[in-house]
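See below for the structure under consideration.
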Amino acid sequence: MNENNETLSSGFTLMGLFTHDKGSGFFFSVICAIFFMAVIANGVMVFLINVDPHLHTPMYFLLSHLSLIDTLYISTIVPKMLVDYLVGQGTISFIACTAQCFLYMGFMGAEFFLLGLMAYDRYVAICNPLRYPVLISQRVCCVILASSWFGGALDTFLLTPITMSLPFCASHQINHFFCEAPTMLRLACGDKTAYDTVMYVCCVAMLLIPFSVVTASYTRILITVHQMTSAEGRKKAFATCSSHMTVVTLFYGAALYTYMLPQSYHTPIKDKVFSAFYTILTPLLNPLIYSLRNRDVMGALKRVVARG
């Protein structure tokens, strides 16, 4: 009880992504640029998809919500990290740390499920195009979206109380740039077997099931693309699928390392690098890979600019 009271009153200290040395200013500028580019790119995507009737399709409906999640996701983590660097200290209260943990796990979980269901959408569009209007209707899109948010909410409502209710009797210095659940568990003391088991089960459901859907969908897509008679169509479809798979692999791969690899394989530097992939880079790559390279989106952008 005393340890919990001390944690509530003193909070934690985030060590940050990088230290204050000669190269830190450069890294700060890069991350700052990535953050603003990600927010702008995702904001443009949401705006274009909502105002242009040509983009009122199931695929772009799902992409607009992916952009929204990415914007919320990166805004939960990066601004605090940038401010900590500028002020030269990374103190964070227990309540703020809990809130950050709650929000990032909710948004991350929603994105895990949404990416998996979006892969199914692409599978139907390429492998069963004639049945696409029936299989991916507006109602189905709403179910997909609701399922994603429900999965993210279930994940965060289970894991956040488990993580933050542990007694933190070790150092209150978090060798990370945000309050990530595995890092918080390493600060806790006592018997963590039950907590580790629940987290592992949640992560299997949150990571492996969506990733399996993605893998199965894109495997079927690649088989269908390989059987296409048109060389130009095959090249275009393969280029699209490969770029999508690159982003998905980065996102899921980094998360699988963070949440499912045994602790003996982890180091603070590796944890920061892998976490940066799915918390900082992916929100920027998603709009670039999924949307802004798309002719429909660029056409919508030109029409909006022309009207303005």
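Reckoned from all heavy atoms, side chains included, excluding hydrogens, waters and symmetry mates.
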[atom1]-[atom2] distance between [X] and [Y], expressed to the nearest 0.5 angstrom:
X: Phe274; Y: Leu250; atom1: CZ; atom2: CG; value: 10.0 Å
X: Glu180; Y: Gln100; atom1: CD; atom2: CD; value: 10.0 Å
X: Ile126; Y: Ile223; atom1: CD1; atom2: CD1; value: 12.5 Å
X: Leu66; Y: Met118; atom1: CG; atom2: CE; value: 5.0 Å
X: Ile69; Y: Met108; atom1: CD1; atom2: CE; value: 12.0 Å

Side-chain donor-acceptor pair under 3.5 Å between Asp296 and Tyr60, yes or no?
-> yes

Do you see a donor-acceptor pair shorter than 3.5 Å between the side chains of Thr279 and Ser275?
-> no

Heavy-atom side-chain proximity of Ile280 to Met81 below 4.5 angstrom = yes

In short, Val39 meets Ser75 closest at the heavy-atom pair CG2-OG, 4.4 Å

Heavy-atom pair of closest approach, residues Tyr120 and Ile136 | CE2-CD1, 3.8 Å

Could you tell me whether Phe168 and Phe12 have their ring centroids closer than 6.0 angstrom?
-> yes

Ring centre gap for Phe112 and Phe211 strictly below 6.0 Å = no

Under 2.5 Å between the sulfurs of Cys179 and Cys101, yes or no?
-> no

Look at the rings of Tyr259 and Tyr278 and say which category their plane angle falls in: under 30° parallel, 30 to 60° tilted, over 60° perpendicular.
-> tilted

Would you say the side-chain atoms of Thr156 pair up with the backbone N or O of Ala153, donor to acceptor, closer than 3.5 Å?
-> no

